[in-house]
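Data first, discussion second: the structure below is written as structure tokens.
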Amino acid sequence: MTANVAVETTPEIPLWNDPSHPVSARVDALIGAMTLQEKIAQLYGVWVGASANGGEVAPHQHDMEEAVDLDALLPSGLGQLTRPFGTAPVDPALGALSLLRTQTRITSANRFGIPAVAHEECLAGFAAWGATAYPVPLSWGATFDPDVIRRMAAAIGRDMRAVGVHQGLAPVLDVVRDLRWGRVEETIGEDPYLVGTIGTAYVQGLESAGIVATLKHFVGYSASRAGRNLAPTSVGPRERADVLLPPFEMAIREGGARSVMHAYTDIDGIPSAADEKLLTGLLRDTWGFDGTVVADYFGIAFLKTLHGIAGDFADAAGAALTAGVDIELPTVKTFGAPLADAVTEGRVPESLIDRALRRVLTQKADLGLLDPDWSPVPPAFAGADLDDPDTLRGTIDLDSPANRELAREIAEKAVVLLANDGTLPLTAPRRIALVGPNAAEGTAVLGCYSFPQHVGVQHPEIPVGIELPSLGESLAAEFPDAEITVARGTGVDDGDLSGIAEAVDTARDADIVVVALGDRAGLFGRGTSGEGCDAESLALPGAQQQLLDALLDSGTPVVTVLLAGRPYALGRAVEDSAAIVQSFFPGVGGTRAIAGVLSGRTTPSGRLPVSVPRGPGSQPATYLGARLAQASEVSNIDPTPAFGFGHGLTYTTFAWNDLTVDAEQAPTDGEFTASLTVRNTGERTGTEVVQLYLHDPVASVVQPVQRLVGYTRLELAPGESRRVRVTVPADVASFTGRDGRRIVEPGELELRLAASSTDTRLTTRVTLTGPVRELDHTRRFHAEFTVE
């Protein structure tokens with residue numbers, strides 16, 4: 001008798017799960033198998049918060065959203081999970097376990113087994129409890145060093161991927177147009193080339209770790225009237241094309257960004273979320289972007305509630321889909337029942353759903369989320385026992401020594417020495433008076449999108465989760481033999497004058513005064529810098545200027561230190577301070593970096609990514625102003641900055657000489673090559689930042705007096721010299737002409753090799769010849785530097 005043996009057969013893998021087929025075929029098959037409700041479910045996220053004990057996430061409630069019923073939603077699927085780590089403090093390992101269990105629930109609930117894309121904020125590091133807080137983007141710009149920012153972004157991305165996150169909502173590529181805007185700290189600077197190169201490096205680093213980088217805010221958000229957050233924007237087509245758009249062009253073409261977030265604002269009455277010419281015509285049809293466009297939080301609903309161009313949420317959903325928005329974030333509001341009803345009623349064609357869905361599923365396929373071997377277990381849990389949450393607690397380190405070392409390196413490169421009468425570096429001071437509202441405050445180094453300031457402040461019972469030495473602690477470590485006396489003087493913005501007399505007495509008893517001024521990061525008015533924390537003027541907040549002036553009158557030399565999210569007018573301190581040190585929310589290594597500059601352990605090498613104003617009321621003004629924007633005899637307002645874009649001192653000196661140009665003429669499709677020698681003529685190793693500015697004396701439309709087209713950092717030992725060669729393609733002289741086309745015109749140009757926008761060292765004139773030439777987004781972006 002022969003035993004019956006059961007033969008196991010492997011069910012056929014559905015086409016959409018079979019990675020041997022092209023992604024396009026897999027996606028088409030999946031779309032064809034979906035119901036309308038299943039399609040729509042992939043086009044929205046749900047805002048969640050990780051469980052503190054490793055259980056499934058719970059929907060996060062917000063005053064702008066209704067309660068979400070996950071049991072009702074999940075059978076249809078889910079497009080995204082919003083900020084599972086960045087909503088409440090949770091141990092990273094238990095947060096990862098919570099996300100794992102939630103993904104298991106999501107895939108089990110929908111008939112195609114499709115997981116959600118988990119996204120997080122990562123503007124100044126992974127916005128999770130216990131993760132390294134890196135310097136804010138304005139400090140990235142101050143480094144003038146794309147390589148170190150690329151390395152930072154890769155480290156952030158690795159941490160995010162390790163715990164199961166797929167997408168990061170960064171970088172911000174808005175170009176600063178008004179320093180009063182609260183979100184200046186989130187930007188990289190006031191120059192589109194600096195923003196583009198540093199932002200592209202960030203994108204490259206994040207994408208190298210497998211994280212989808214999201215460019216924001218597309219476009220014009222930073223140009224709001226009077227620097228008010230979410231205010232109307234007045235931008236002409238030429239300013240949009242030549243100032244605001246180039247960083248996005250560069251980050252898409254050279255960075256490979258896979259997602260774009262629309263801006264909240266409107267330009268000339270057209271909200272970005274409903275601008276088909278922008279999100280489809282320009283972004284996709286012209287630039288060739290094939291990733292996903294995500295909504296800024298609640299931005300689609302704002303088409304009805306704030307912009308008034310939609311009569312109901314169905315109209316808002318239809319307008320956004322038509323324009324080219326693919327995913328509603330942070331949670332389902334307009335893309336849920338209102339959109340489904342609108343399709344059923346014929347108000348919105350289902351083809352728009354399919355168009356957005358194809359982009360979403362293509363990205364999920366590229367992330368491996370449709371593959372048959374996809375697992376919800378993140379890399380950080382390799383070999384871990386997932387059945388016992390208590391054994392997991394504390395096993396994932398998002399603030400590693402390597403992270404902190406990298407954060408320190410960036411902070412040091414970003415510290416800008418604005419002024420120095422020779423007092424710095426300090427030589428064995430015996431008595432230091434450390435004064436000011438940011439003297440003893442560890443969180444003074446953090447921006448508004450750092451986890452402790454963004455989320456942690458709502459949970460005061462929970463420890464900060466990372467080591468944040470105050471400036472006082474770092475100075476004590478830097479000067480162990482000094483007697484350091486701390487006096488608060490006044491608060492950041494409380495206007496309290498009662499402590500100023502004590503601070504002055506402390507100053508008079510000291511050999512040197514270090515006064516730590518600046519900002520407190522927060523959200524929506526809870527700080528002096530950050531989202532929704534706009535400034536009426538650029539005077540120091542509260543009574544800080546009164547404190548500073550009183551200290552300057554004390555008779556003791558004053559070193560002014562700024563820990564801030566924007567530059568401020570410093571009044572008489574510009575001339576009367578012994579030294580001024582500017583730092584833009586420098587992160588966990590920030591106070592040690594500042595202390596190192598004060599002692600001379602570190603030679604300052606940062607350069608200003610934004611100009612420092614001379615007066616508090618001269619905004620909006622940037623160094624990119626045309627001739628009419630400069631000081632003149634016909635206006636009593638002088639916008640000349642106290643310290644210009646690109647400025648920064650060192651502890652050594654440099655000589656620039658021997659400028660040569662290979663040819664003084666080139667066609668409008670050609671290039672020039674210039675060379676110069678830079679020599680360290682001082683007694684210390686130092687870093688010089690060679691900046692190349694372009695001046696176009698005569699053009700068919702008004703041009704900025706000058707604009708940055710290239711830069712390079714040079715670290716030179718005492719007496720060392722290097723030959724620097726820069727190739728300048730005619731493309732970098734292009735601009736938007738009268739008819740809206742980007743052109744290069746023949747004529748004379750001036751190339752300014754400079755240490756800053758206000759310190760030109762060498763100049764040469766060259767001439768473009770031939771016909772006017774038309775360019776597009778594939779133009780050459782860079783003046784290329786080589787160092788011999």
### Query
Taking it one step at a time, do V148 and L406 satisfy side chain to side chain contact (heavy atoms under 4.5 Å, CB included)?
CA-CA 8 Å; V148 76; L406 183 54; 4.1 Å; yes

#### Entry: Salt-bridge contact R572-D553 (side-chain N to carboxylate O under 4.0 Å)
yes

### Query
Cut-off 3.5 Å, side chains only: do S474 and T591 have a donor facing an acceptor?
yes

## Note on the structure
With R592 as partner, the option from E473, E409, E478, E467 fulfilling salt bridge (Lys or Arg N to Asp or Glu O under 4.0 Å) is E467

### Message
Aromatic contact between Y221 and W181, with the criterion being ring centroids under 6.0 Å apart: yes or no?
### Response
yes

### Task
Hey, could you give me the CG/OG distance between L434 and S470, rounded to the nearest 0.5 Å?
8.0 Å

## Note on the structure
For R430, the side chain to side chain contact (heavy atoms under 4.5 Å, CB included) test, sequence neighbours excluded, returns D511

Under 3.5 Å, which donor-acceptor pairs link side chains of residues 515-527 to any protein atom two or more places apart or in another chain?
| from | atom 1 | to | atom 2 | distance (Å) |
| --- | --- | --- | --- | --- |
| D519 | OD1 | T528 | OG1 | 2.7 |
| D519 | OD1 | Y568 | OH | 2.5 |
| D519 | OD2 | G565 | N | 2.9 |
| D519 | OD2 | Y568 | OH | 3.3 |
| R520 | NE | R526 | O | 3.4 |
| R520 | NH1 | D493 | OD1 | 3.1 |
| R520 | NH2 | D493 | OD2 | 3.2 |
| R520 | NH2 | R526 | O | 3.3 |

### Query
Salt bridge check: are R488 and D494 linked by an N-O gap of less than 4.0 Å?
yes

### Query
Among pairs that include at least one residue of residues 611-631, which meet salt bridge (charged side-chain N to carboxylate O under 4.0 Å, His left out), considering only residues two or more places apart or in two chains?
E575-R614

### Message
Before you tell me yes or no, could you show the steps for T681 and T653 under side-chain hydrogen bond (donor to acceptor under 3.5 Å, both in side chains), namely the whole-Å CA-CA distance, both residues' side-chain angles and the distance that decides it to 0.1 Å?
### Response
CA-CA 5 Å; T681 54; T653 55; 2.6 Å; yes

### Query
CG of D242 to CD of Q703: how many Å apart, nearest 0.5 Å?
7.0 Å

### Message
Can you confirm whether the side chains of T506 and T485 place a donor and an acceptor under 3.5 Å from each other?
### Response
no

### Query
How long is the span from the CH2 atom in W140 to the CD1 atom in I198, to the nearest 0.5 Å?
9.5 Å

### Message
Check this for me, if you would: do R404 and D399 make a salt bridge, where the nitrogen-to-carboxylate-oxygen distance has to be below 4.0 angstrom?
### Response
yes

### Message
According to ring-ring contact (aromatic ring centres under 6.0 Å, His included), does anything in residues 596-623 pair up with another residue at least two apart or in another chain? List the pairs.
### Response
Y623-F645, Y623-Y693

### CD on Q544 to CG on L570, rounded to 0.5 Å
10.0 Å

### Summary
Rounded to the nearest 0.5 angstrom, the OG1-CG distance for T760 and L692 is 10.0 Å

### Task
Taking side chain to side chain contact (heavy atoms under 4.5 Å, CB included) as the test, write out the residues that go with D505, two or more places apart.
R508

#### Entry: All side chain to side chain contact (heavy atoms under 4.5 Å, CB included) counterparts of T758, not counting sequence neighbours
S756

### Query
Are E185 and Y449 linked by a side-chain donor-acceptor pair shorter than 3.5 Å?
no

Got a list of side-chain donor-acceptor pairs under 3.5 Å for residues 169-177, not counting sequence neighbours?
| from | atom 1 | to | atom 2 | distance (Å) |
| --- | --- | --- | --- | --- |
| D174 | OD2 | H217 | N | 3.3 |
| D174 | OD2 | H217 | ND1 | 2.7 |
| R177 | NE | E239 | OE2 | 2.9 |
| R177 | NH2 | E239 | OE2 | 3.1 |

### Task
Scan residues 451-462 for pairs that pass side-chain hydrogen bond (donor to acceptor under 3.5 Å, both in side chains), counting only residues two or more places apart or in two chains.
R83-H454

### Task
Determine which pairs satisfy ring-ring contact (aromatic ring centres under 6.0 Å, His included) with at least one residue from residues 528-556, sequence neighbours left out, and list them in order.
none

### Message
Listing request: all ring-ring contact (aromatic ring centres under 6.0 Å, His included) pairs with a residue in residues 538-560, at least two apart in sequence or in separate chains.
### Response
none

### Pair E483 + R431: basic N to acidic O under 4.0 Å
no

### Query
With sequence neighbours excluded, what pairs up with T233 under the side chain to side chain contact (heavy atoms under 4.5 Å, CB included) test?
A223, S224, V235, T265, I267

#### Entry: Separation of F144 CZ from L708 CG (nearest 0.5 Å)
6.0 Å

### Query
Pairs in or reaching into residues 569-613: which pass ring-ring contact (aromatic ring centres under 6.0 Å, His included), with residues at least two apart or in two chains?
none

